[in-house]
**Student:** 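Take this structure, written in structure tokens, and hold onto it; I'll ask about it next.
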Amino acid sequence: MTTLITKTITKICLPLVILFSISLLLAGHNNPGGGFIGGVMFASVIALTYVAFGLNYIKSFFNPDWGNWFGFGLLLAALTAFSAIAFSHNFFRSAVEFIHLPFFGEIELVSAGLFDIGVYFVVIGGLLSIFKNVGDDE
Amino acid sequence: MILNIFSNMILVIGLFFVFLAMLGLARLPDVYNRLHATTKIGTLGAFGVMLSILLKVGFSPMGVKAMTVALFILVTSPVAAHMISRAAHRHGVGLCKESVIDEYGKACNAACPEPEED
Amino acid sequence: MNNTLLSLTIAILFGIGTFLILRRDIVRVIIGLGVLSHAVNLLIVSAGVFSGTKVPIITDDGGHGAAEATGSIFTDSLSQGILAPIIEAGHHVDYVDPLVQALVLTAIVISLATTAFILILAYRIYEEYGTTDIRELRRLWG
Amino acid sequence: MDSFTAITIAVFLPFILAGILPTVEKLLKDKVGWYASAVAFLSLIMVAQVAPEIIHGETIQGTIEWLPSMGINLSFYADGLSIMFGFIVSGIGVIIMSYSNGYMSKKEDLPRYYQQLLFFMGSMLGMVFSANTIQLFIFWELTSITSFMLIGYWRNRPMSVYGATKSLIITASGGLFMLAGFLVLHAITGTFDIPTILHNESIREALHSHNLFIYALILIFIGAASKSAQGPFYIWLPNAMEAPTPVSAFLHSATMVKAGIYLIARVHPIFSGTEAWFILVSGVGIFTMLLAGFLAFRQTDIKGILAYSTISQLAYLMTMYGYTTHHEPGIGVAAATFHLLNHATFKACLFLVAGIVAHEAATRDITKMGGLRKEMPITFIVATIGALSMAGIPPLNGFLSKEMFYESSVEMGHLLGGPYTILIPALAVLGGVFTFAYSIKFIDGIFLGKRPSKGLPEHIHDPSMVMLAPAIFLAGLIILFGLVPSIPVHNFIEPTVSGILLEPTTLHVKLWHGFTTSLMMTIATFILGILIYTQYDRIAEWQNRFNAMFPWFSVNYYYDGAVNNAKDVTFKFSSRMQPGPVKNYVIAVLLLTLAMFAIPATMLATNFIPQNLNFDVPLYEGLIFLFMIIAALGAALLPKYLPAIISLSGLGYLVALLFIYLQAPDLALTQVLVETLSTIIFLLALVKIPQKFKEHIPTTTLARDLIISVAVSAMIFILLINATQGIVPPFETLSYYFIEKSLALAGGHNIVNVIIVDFRGYDTLGEISVLCLAALGVYNLIHSRGEDE
Amino acid sequence: MKRYIAYSAILALVWCFVHGTVNINNFILGLIIAPFVIRPFKTLFNFDKEFSFSNALSKIPAQIKYLYVLIVEIIKANIMVAKIVLQPKIDIKPGIIAVPIDTKTDLGITAIANTITLTPGTLTIDMSDDRCLLYVHAIDATDPEGVAQSIKDDLEKYVLEAFE
Amino acid sequence: MSFMLLEYSLIFMVISFIPCIYRVIKGPTIPDRVVALDAMTTIIVVMLGIYSYVQGSVFFMDVALVLAIISFVGTVTVAKYLDDGVVF
Amino acid sequence: MNLSTHIPIILIATPILVAALMILLRKQPGIQKVLSVAVSFAMLILSIILLSQVWSGGIQAYEVGEWGKYGIILVADLLSSGMVVLTSFVSFLALIYSLDYIEKKSLSASYYPLFSLLVAGLNGSFLTGDIFNLFVFFELLLLSSCGLVIANEQGGVTKSSDKMEATFKYLVLNMLSSIVMLIAVSSLYATTGTLNMADISVKLSAMSAAGTLPWYVFAIALMFVVVFGNKAAIFPLHYWLPDVHPTAPSPISAMLSGVLIKVGAYGMLRVFFLIFIDTLDIFKPVIMYLALATIVVGAISAVAQTDVKRLLAYSSVSQIGYVFLGISFGSIYGITAALVYLVNHAVAKSMLFLTSGGIIHHAGTRDMRKMGGMVDSAPLMSLMFLVGAMSIAGMPPLGGFIAKLSLFDAGIGEQYYFAIGIALFFAIFTLFYMFRAMLLMFWGEKRDVEKYGEYSHHGTSVLMAVPIVVLALTVVAFGIYAEPLITLANATAHQILDPQPYIDAVLVRVVR
Ligand code: NA
Ligand code: NA
């Protein structure tokens, strides 16, 4: 078991790192980062809570089916790639759109971003499902 | 200009402290003492370098991130040190021969195994 | 970066990795595969075909859909049977080769996946065989 | 119906009607045998329909397109040779299937039995009418397979299985050699078509002068010899007697074993007229004739005697077909062809008798029989006719063809001159003597002498007409052919011989043609034969003793040895090849890789090392390289897992540092993350794995591993310093395009990221699939326990 | 609910920090994202306890003071260890001593433990199960009571003010 | 200035690596190695900071933050493993 | 939206999509079953359409993401689309077979996605025109097959320790070959600046024409022998196969032996005859010796086996040697023969492995010595095994015969007498071990019931029998009417030996 001290700091880190991981995900197209890196950040901070609090304790209130996460991610990624066919383009043809939001100003929306989100979920789901499966193993 | 000199000074001090921390790592007799070096001096060194960058670039993204890094290290490195030293002690890593007291070892009362070379 | 010495380092890492995968202990073998995968990642990066000095991230944003970032580039015109060698274009490129980086990224992720699998496999093998000595893993013989 | 259609029908009808046989069986129940006989009879009619044309000296040919792109088609060719075989096959087919109605118990799996007999008959017909070598091979192997099935008809009896396997391995492998021979022939002549080769003088001449001629001949002869149980290949035939007796009669005496003879006759025009042909065909023939005739003495099983007699009789045929010189291509062809027909009649007859006897006496052991002539008089008479014909007693047909055999032997000896003038006729007579002896033994042992006091059933009698009639019919043929030889000679032998010699031939066969040399030889045969027969049992015993003393002096010894030891020997081989520990396999892969590198390096490279090597290095770069090597060495050499893993982790961080120098922040990010995750997964695995195992490396192993490692290092170094010299000549690279278009077309500043999610996003799709796979795989790993033992 | 808002605000600020740009857009974006991040883990964040803004805000001056003390102590600590490291021959008398603490809350204990580690000559190794004792490794453990006392006097009171 | 800064800082930091590598290899105990590895990441974080500044690009600062976070995760995990013999 | 142009990518991306859906639907076995079979069937149809399109309309290139040669291009020529048809066919049948064969829990939890991704990996490897992408899909193949090998069978007789051991060997050797592949691919990139195979081909030809082709390109080329040889399990890279194929669940063994090892042969054909044309003079003899060694080692080892699946596995080793022998001739006829051989072996061997699954269910063991006389209790399996065994042994009139015939004919025509001599001699071994196996299991006396128990009565369900019968009919059809297959193989061989149309199809296009 870990100590109160570790647990407290883990609690502090948890939302911080999750936010950071989201930021890495969103920044990926223009800065270092992206789905994979963001996803690994997310997975590792969840792994940290597993380490600090014990898997069973975390599972008692936070127990998503990580299988669904990577299933969803893969589905999202594949569908994003497929969607181009619906627009009479080749598979994986990307699209770049600039939209103007009232408050945030001009925002760049790229189809590849959606794909990256898929990657993000696959990485999180895949890694955590491995951790959970092995960690659960007696 | 003054700010620049000041920040360079902090930078050099920071780097020097990092160096000292590593020197401590090499020279101090046991893992607990080495942790004093890396945790305290290392943290300050890193903090110093990041601070100097913040001073140089202001609250630009780089500065903000440098500060974030510094704060993060400040918060986490003592915990890391605590975890390692605790694990070391429970793992059976004994104190160096100069040590004068071990109240923790007594409290653990569980017979700690002989320190082993890995 | 000094290419010769980098190559030498990569080669030595390969040698060490090779030595490790020839060990009898499964965990050593896996560590060896880890060393080899580090080495191969470095190898791919060092296979970049031109050497700029800048991070391949475009910073001077001239607005979206902006003009070419690097100046004009020759293109092989195969339809006319021409293989145009790059003469000047290389000079325009300040970046390091981004493609090899992308390849390494893919390679790293794949090797993570494989390493994860093989490690858990080792864990199960120990459970089944009670050892990590590959010489004991010879129930399938002949 | 035109002749080609008739032949096609004759061939395929048995297959098609056999296909529906199980359905018919539902209707006819145990009368299904008559259905099979009817099918055989239909084929016989079809063959008979074509016969007149052939007898008039014509040939028939036709083609159905099948594999045009390989130059192989379904084509049939009928000349005298094929028609004669067609008659033998379908005619004896009718007889055997009718006989089987009485022979086979109603409890047997009749549909399977008749189906396979019909398949066999169709294959045999297909073979004899094949106009191209590949088609011939196909039907040839089909006969091997059906023979295998029929020998192993009683699938649960070990001896049946043994016999079936033996026959299949020998005949089917022989067939493969024959196929190779045909392919060589194809390579020489450019065609698979038999008539084309037969009727094209220039092709044959080119063939004779080709340096592959001898190989084609040998390969094809191996096929023929294996099928006709010649030379060392004879061993399968005695064991084939495990088949139901009608099958033995049909396949293993009258028809299938003659396929080899057919083949020799078929290729006779192509290969004969050469010394090789004589040495190979006649040489093996004479050897087999003597060996099998001699070995027949030892047999106590009546079917065994017949099996050895079949081998020796087939050897007669081989010997005769082999008689050739440059000027006289076919000295023994007429004799052989006639004897072939005669053998089919008397041997089938004898097999049917053997079947009857075994059926009635409930044993096949000749030592337990005797004196049955009173209880089964008709059988006795039929058997005597068959045996005497085989022994060559006038006025039966066997006598005629044996005379011709002696005649041609004399001629061949004369043509060769020297010692052969005497040697060849003498050996022929010796063969005749053995034949005489075992023929007499067959009658004597079963029907003459005293009935043994015990071992035989009390009531033994002639069987029903169903079984007897076919035998009587064949005995009738034996007498008819003997007395009126012109019937078979004119209808079958002359067209066949013409077909083989490629010129119209007229033969004059008479029962009495004066005191010729051959008659003298026949008389000598009888006298010697009787002499030998008096010593029959002693010779048999001597053989047994010899055999027990020198078991290795038989082909079976080697066959059995090979088959029985195959598993052990090959297991020794395969366990040496596949010894278990993965390390050896890894070495194999590494060595192959090194070899693959070394081959071009030694063959082509002028200088391994480029000129512009640069060893100047900034201090920090050099130190980082050094640290990496030290960390890797730590991972390699630290004895415990955790320190090694920490060291590996350190190496990972250093690699990340290097990536930073190489201007690759994404890579550095990914590297540090992956490094830590790997460490965590390592720890997860180590939760179960204690650090018990300690490897002691022997010096030789260490040296070998070090050499391999250093070689790998050298390979990588040489490859890298050469390959990283830059593009030669500098082509455009993909990267320029990515740099140029990243922002403009894909809307991203981070070119690396744009590559992985857009330009080469498809790779990434594969990559995340791999991640999913790892997760799924780990799930399976963890949940794969439980069903152990 | 209050806790939600408070935490969201803090996290929105964190979001700006990790994003690298502190501006109102990012802050609002952070405010939008934050609840989703906290929601699944609310068990970890004492959501059952009452939360009062005024209480939290009132501690800020104490926290700033604590930070100041901390920085000063860290610098002192560094200089001390630096001296030791740079000695030609290292001559120390270290040891592990038990230090009683009065702090009760999780955050407080964590803060005091971390502070001890960062300050001169001491390093928190563990905490007793009854949360009353911290086991501290001291580089100079010749006077255990003195060390315990100095921790109590120089550090713990600030921590108590700032986090209790 | 900045190139000199870079050069000297980097050399200085790389030299600081030597004790870390020494401890990672030499130990003598596992906690020693973990401490050394942790210290190594600290150095890299520092280098990244300097590098980022000198290059004028924020990219490497992201790497620094990630490294700081992930090394904490790693250290805690190894410590827990050492302590309890389990990871989660 | 003209879907017909998208078939290549649909054949790859649909299985990935389906895998994702299957992961999400793993609590609904009913939907999974229906959906997976339906999709697999649709893929079969699509693949046939693709082949016919390529047959009539020439080589199709598909730009993923419309980036021209700078992105990744999928190329469907006769070779790749033919292989895709083969994959779809075998995988469709293997999937149907799996429904009753694989343990229920394993089936719904992970089997479908793993299987779908295996198919995606296969189709992706065959269709890609990008050498690095090939690496990615090879990894997909590797991990999906690893996951499937350890899937649980219904009432399985394979110990999980054996599976672990086999998977470990498989994984280590394949990771090693992945590393070799990465070395080769990146060196190639460093030399030519491109990853597109057609592009590489053009550039290497240009270098060759200019006389600047460096020697190490030959070394890189031969490294691919290791890479693909490992996938194809040629000597001395075959070591993993006899462990992995038998321990896998039977439908997976069928996929592995039927299709997966063919990826190696495909890769050799693709890489050497498209990219490294200049190295063929070295490549051909190297491959010939390796192929002969493979034939010999596989055949001899097969004779030693008592485990039916292990015997089939060694037979696969030996048979793949024959395929490579054909490739090593490097001529139209040789490659035609190799392709015919490949297809026939794929069909017959998948069929045999599926049959062995039925046998194992029936006998409750894989040890042939513990079987015997099963012809009465399992007549269908007996007949099917006979058909498959005869085909592998090259007995007419089955497909295997046509394959051996064309191979031997090509070899003798090209005057490789020594090679054909060895091949012929070991064909007899094939005959021997196949029939010995048949006799051990089906003929002879019934096994000792006291010792090994009665045979189970539920040998083969309909869902298991149908795929076997379909494959058996295919085996027969390939023997009795081989003309279409030979014509296709011949046209494919022509296309392989003339890379220009491939290059044109890939490179002559407008780029964004
Ligand atoms: Na740290
Ligand atoms: Na074989």
Side-chain angles (χ1 to χ4, degrees), chain C residues 10 14 17-18 21 26 29-30 32-33 36-37 39-41 43-50 75-83 85-86 97 99-100 102-104 106-107 109-111 113-118 120-130 134 136-142, chain G residues 69 132 135-136 139-140 142-143 146-147 150 159-169 171-172 174-176 178-180 182-183 185-195 198-199 202-203 205-207 210 242-244 246-247 301 304-307 310 503-504 506-511:
Chain C
I10 293 170
F14 264 103
T18 308
I21 59 171
I26 287 179
V29 172
I30 299 175
L33 288 168
L36 284 179
S37 91
V40 88
N41 290 339
L43 186 146
I44 301 175
V45 173
S46 72
V49 290
F50 50 89
T75 314
D76 302 335
S77 172
L78 285 164
S79 52
Q80 292 153 41
I82 304 168
L83 280 169
I86 296 294
D97 190 341
L99 180 57
V100 284
L103 301 187
V104 174
T106 308
V109 177
I110 286 174
S111 95
T114 351
T115 308
F117 185 85
I118 201 170
I120 307 307
L121 184 62
Y123 161 104
R124 287 283 286 115
I125 285 175
Y126 185 82
E127 206 172 82
E128 299 281 350
Y129 286 82
I134 51 165
E136 304 294 320
L137 263 70
R138 58 197 306 173
R139 289 188 198 164
L140 305 172
W141 191 351
Chain G
K69 71 164 183 177
F132 187 80
F135 162 78
V136 173
E139 297 299 307
L140 207 60
L142 173 62
L143 271 187
C146 281
I150 48 180
K159 282 186 272 174
S160 60
S161 60
D162 288 0
K163 293 190 175 204
M164 300 301 146
E165 181 185 333
T167 313
F168 182 74
K169 291 174 182 171
L171 205 52
V172 167
N174 273 283
M175 284 170 83
L176 198 55
S178 296
I179 287 168
V180 175
L182 277 177
I183 296 170
V185 168
S186 51
S187 312
L188 208 51
Y189 174 75
T191 314
T192 60
T194 178
L195 296 167
D199 207 10
V202 168
K203 286 177 176 170
S205 309
M207 284 184 204
D243 291 349
V244 173
T247 43
S301 307
Q305 303 310 314
T306 50
D307 170 347
R310 203 169 168 85
I503 292 168
D504 290 344
V506 174
L507 295 184
V508 180
R509 56 187 56 243
V510 180
V511 176

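Note on naming: letters A, B, ... go to the chains in the order of the sequence lines (proteins, then strands), and numbering restarts at 1 for each one.
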**Student:** With a 4.5 Å cut-off on heavy-atom pairs, point out which of L142(G), L195(G), L188(G) contacts chain C the most.
**Tutor:** L195(G)
**Student:** Mind ranking V40(C), L43(C), I118(C) by heavy-atom pairs under 4.5 Å with chain G and telling me who comes out on top?
**Tutor:**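 Most pairs with chain G among the choices: I118(C).
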**Student:** Who are the salt bridge (charged side-chain N to carboxylate O under 4.0 Å, His left out) partners of D162(G), not counting sequence neighbours?
**Tutor:** none
**Student:** Rounded to the nearest 0.5 Å, what separates atom CG in L171(G) from atom CG in L33(C)?
**Tutor:**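 It comes to 8.0 Å.
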**Student:** With a 4.5 angstrom heavy-atom cut-off, which part of L143(G) approaches chain C: side chain, backbone, both or neither?
**Tutor:**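 Interface part for L143(G): side chain.
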**Student:** Quick one: OG on S178(G) to CD1 on I110(C), what's the gap to the nearest 0.5 Å?
**Tutor:** 8.5 Å
**Student:** Can you tell me which portion of A39(C) sits under 4.5 Å from chain G's heavy atoms? Options are side chain, backbone, both or neither.
**Tutor:** neither
**Student:** Relative to chain C, which segment of F132(G) carries a heavy atom at a distance below 4.5 Å: side chain, backbone, both, or neither?
**Tutor:**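 Just the side chain, heavy atoms under 4.5 Å.
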**Student:** Looking at CG of N174(G) and OG1 of T114(C), how far apart are the two atoms once the value is rounded to the nearest 0.5 Å?
**Tutor:**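 The CG atom of N174(G) sits 10.5 Å away from the OG1 atom of T114(C).
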**Student:** Relative to chain C, which segment of I150(G) carries a heavy atom at a distance below 4.5 Å: side chain, backbone, both, or neither?
**Tutor:**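 Side chain only.
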**Student:** Please identify, among T106(C), I30(C), L99(C), the residue contributing the most non-hydrogen atom pairs under 4.5 Å to chain G.
**Tutor:** L99(C)
**Student:** Any heavy-atom pair between the side chains of V172(G) and I26(C) that's under 4.5 Å?
**Tutor:** no
**Student:** Roughly how far apart are I125(C) CD1 and T167(G) OG1, rounded to 0.5 Å?
**Tutor:** 8.0 Å
**Student:** Looking only at non-hydrogen atoms, find the nearest pair between G147(G) and F117(C) and report the distance.
**Tutor:** N-CZ, 4.4 Å
**Student:** Looking at OH of Y189(G) and CD1 of I44(C), how far apart are the two atoms once the value is rounded to the nearest 0.5 Å?
**Tutor:**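 Taking OH in Y189(G) and CD1 in I44(C), the distance rounds to 12.0 Å.
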**Student:** Is there side-chain contact between R124(C) and S160(G), with at least one heavy-atom pair below 4.5 Å?
**Tutor:** yes
**Student:** Which bit of L140(G) comes within less than 4.5 Å of chain C, counting heavy atoms only: side chain, backbone, both or neither?
**Tutor:**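 Neither part.
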**Student:** Is there a side-chain contact (heavy atoms from CB on, under 4.5 Å) between L103(C) and F135(G) once you walk through the steps?
**Tutor:** CA-CA 10 Å; L103(C) 301 187; F135(G) 162 78; over 6 Å; no
**Student:** Let me confirm one number: the CG-OG distance from N41(C) to S186(G), rounded to the nearest 0.5 Å.
**Tutor:**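 Going from the CG atom of N41(C) to the OG atom of S186(G) covers 10.0 Å.
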